[in-house]
Amino acid sequence: MDNIEILKKTEFEKREERLKNAKKQELIYTNKNKKQLNITYVMTWTGICGGTKIILEHANRLTNKRA
């Protein structure tokens, strides 16, 4: 295995270890007649990259539209 593969494997093992502490997600319905839409972004990687920037831009624009 080359260095990149070893790093990928190490990172995956660390992420898998952290999953043991994760809490189960609960969906709670508060008001079915609500006209406001709730959007949740779940990100497994928060490093600064193109995908993260796009998701943050979406979130910011949606927040600004609501205000």
Could you give the side-chain donor-acceptor pairs of residues 15-22 under 3.5 Å, partners two or more places apart or in another chain?
unit_1, atom_1, unit_2, atom_2, d
Arg15, NE, Glu11, OE2, 3.3
Arg15, NH2, Glu11, OE2, 2.7
Glu17, OE1, Lys20, NZ, 3.3

ask   = What pairs of residues pass the salt bridge (charged side-chain N to carboxylate O under 4.0 Å, His left out) test when at least one of them lies in residues 45-55, not counting sequence neighbours?
value = none
remark   = Contacts of Ile39 meeting side-chain contact (heavy atoms from CB on, under 4.5 Å) (sequence neighbours excluded), chain-then-number -> Leu37, Tyr41, Leu62
remark   = So OG1 of Thr10 and CD of Glu5: to nearest 0.5 Å the spacing works out to 11.0 Å
query = Who are the side-chain contact (heavy atoms from CB on, under 4.5 Å) partners of Thr40, not counting sequence neighbours?
reply = Val42
message = With a 6.0 Å cut-off (strictly less than), is the heavy-atom count around CD of Glu13, excluding the residue itself, greater than 12?
response = yes
key: Member of Ile54, Asn60, Ile55, Leu56 meeting the side chain to side chain contact (heavy atoms under 4.5 Å, CB included) criterion with His58   = Ile54
ask   = Under the salt bridge (charged side-chain N to carboxylate O under 4.0 Å, His left out) rule, what pairs show up with a residue in residues 54-64, not counting sequence neighbours?
value = Glu57-Arg61
